[in-house]
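Working notes, structure below.
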Amino acid sequence: MTLDGDRFFARVYALVLEIPRGRVATYGQVAAMLGVPRGARAVGWALRALPATARVPWHRVVGAGGRISPRRGPGPDLQRRRLRAEDVGFRGGRVDMARHGVLAPRAV
DNA sequence: CGGTTGACTGTTT
DNA sequence: TAAACAGCCAACC
């Protein structure tokens with residue numbers, strides 16, 4: 001990936017890098033914060049293009065309602081593992097957004 | 001330039 | 001409750 005900070009992908013990575021440990025954001029939230037309210041899908045595309053070597057906490061980005069987006073490979077499983085390692089709670093197979101969402105109050 | 005693609009999402013069956 | 005549909009977006013080819 002280029003280091004061109006103006007590109008959408010780069011902006012996605014920069015923003016994801018700012019998600020605090022133990023918290024998660026949805027694709028839609030990331031897109032909205034970048035000024036593209038309906039660019040959730042594009043965010044997913046950006047994370048997909050992310051090199052395995054990149055130091056971007058992509059696991060902190062989940063689908064609406066705290067769902068782990070299904071895709072081929074160990075991705076989903078790895079994501080759950082990493083989140084779990086950050087004490088992120090799950091409810092009904094989904095991340096407890098009420099407690100770990102980026103916009104959630106620090107209720108813990 | 002134009003059709004395709006996919007780690008999305010809300011609505012409708 | 002689960003599956004299908006239909007818009008949306010940026011990058012790809």
Side-chain angles (χ1 to χ4, degrees):
Chain A
M1 312 315 301
T2 68
L3 299 177
D4 189 332
D6 289 337
R7 286 158 74 96
F8 182 79
F9 278 26
R11 283 194 285 151
V12 169
Y13 305 147
L15 184 53
V16 173
L17 276 169
E18 292 177 36
I19 301 176
R21 184 175 184 291
R23 293 220 212 162
V24 302
T26 68
Y27 297 95
Q29 291 177 325
V30 172
M33 289 188 217
L34 291 178
V36 188
R38 293 168 185 122
R41 217 165 176 173
V43 171
W45 183 271
L47 294 184
R48 172 182 173 284
L50 200 58
T53 58
R55 302 201 196 95
V56 178
W58 53 267
H59 59 283
R60 293 178 188 152
V61 181
V62 301
R67 288 197 180 72
I68 300 297
S69 297
R71 66 252 202 201
R72 297 185 306 174
D77 189 62
L78 175 61
Q79 182 166 27
R80 272 183 275 268
R81 279 168 163 288
R82 289 188 177 178
L83 288 177
R84 192 99 213 201
E86 297 185 355
D87 293 317
V88 171
F90 284 77
R91 290 183 57 143
R94 311 191 194 91
V95 173
D96 185 346
M97 298 303 280
R99 296 194 319 170
H100 305 284
V102 170
L103 303 181
R106 285 195 148 299
V108 196

- Return the value, rounded to whole Å, for the distance between atom CD1 of Ile19(A) and atom C1' of dA7(B). 13 Å
- Under 4.0 Å: is that the gap between some side-chain N or O of Arg48(A) and OP1 or OP2 of dA7(B)? yes
- Write down the distance between OH (Tyr27(A)) and P (dG10(B)), rounded to a whole number of angstrom. 14 Å
- Does a distance-only test, which skips hydrogens and angles, find a donor-acceptor pair under 3.5 Å between the side chain of Arg41(A) and the base of dG7(C)? yes
- Item | Atom pair distance, as rounded to whole Å: CD in Gln79(A) and P in dC8(B) | 11 Å
- Item | Touch class at under 4.0 angstrom, heavy-atom based, for Ala42(A) against every strand present | base
May I have the list of side-chain donor-acceptor pairs in residues 49-64 of chain A shorter than 3.5 Å, sequence neighbours left out?
| unit_1 | atom_1 | unit_2 | atom_2 | d |
| --- | --- | --- | --- | --- |
| His59(A) | NE2 | Glu86(A) | OE2 | 3.0 |
| Arg60(A) | NE | Glu86(A) | OE1 | 3.1 |
| Arg60(A) | NE | Glu86(A) | OE2 | 3.2 |
| Arg60(A) | NH1 | Ile19(A) | O | 2.9 |
| Arg60(A) | NH2 | Glu86(A) | OE2 | 2.8 |

- Query: Trp45(A) has a side chain; which of dT9(B), dA11(C), dA7(B) sits nearest to it?
  - Reply: dA11(C)
- Note on the structure: The nucleotide from dG10(B), dA7(B), dA10(C) with an atom nearest the side chain of Ala64(A) is dG10(B)
- Can you check the Arg11(A) CZ to dC9(C) C1' distance for me, whole Å? 12 Å
- Against the side chain of Arg38(A), the closest entry in dA7(B), dC8(C), dA11(C) is dC8(C)
- Message: Same cluster or not: Val16(A) versus Leu83(A), using hydrophobic residues (I, L, V, M, F, W, Y) connected whenever any side-chain heavy atoms lie under 4.5 Å apart?
- Response: no
- Message: What is the distance, to the nearest angstrom, from the CG atom on Leu50(A) to the C1' atom on dA11(C)?
- Response: 15 Å
- Which is true for Gly39(A) with a 4.0 Å heavy-atom rule: it touches a base, it touches only sugar-phosphate, or it touches nothing? sugar-phosphate
- Message: Expressed as a whole number of angstroms, how long is the span from Gln29(A):CD to dG10(B):P?
- Response: 10 Å
- Item | Under 3.5 Å: donor-acceptor pair, side chain of Arg91(A), backbone of Gly89(A) | no
- Task: Indicate, with yes or no, if Trp45(A) and Leu17(A) share a hydrophobic cluster defined by side-chain heavy-atom contacts under 4.5 Å among Ile, Leu, Val, Met, Phe, Trp and Tyr.
- Result: yes
- Measure the distance from CZ on Phe8(A) to P on dC8(B) and round it to the nearest whole Å. 13 Å
- Message: So, using side chain to side chain donor-acceptor pair (under 3.5 Å) as the criterion, who are the partners of Glu18(A) when residues are at least two apart?
- Response: none
- Task: Can you tell me the distance, in whole Å, between the CZ atom of Arg72(A) and the P atom of dG6(B)?
- Result: 8 Å
- Message: Measuring from the side chain of Phe9(A) (C-beta onward, heavy atoms only), which nucleotide among dC8(B), dA7(B), dA11(C) has the closest atom?
- Response: dA11(C)
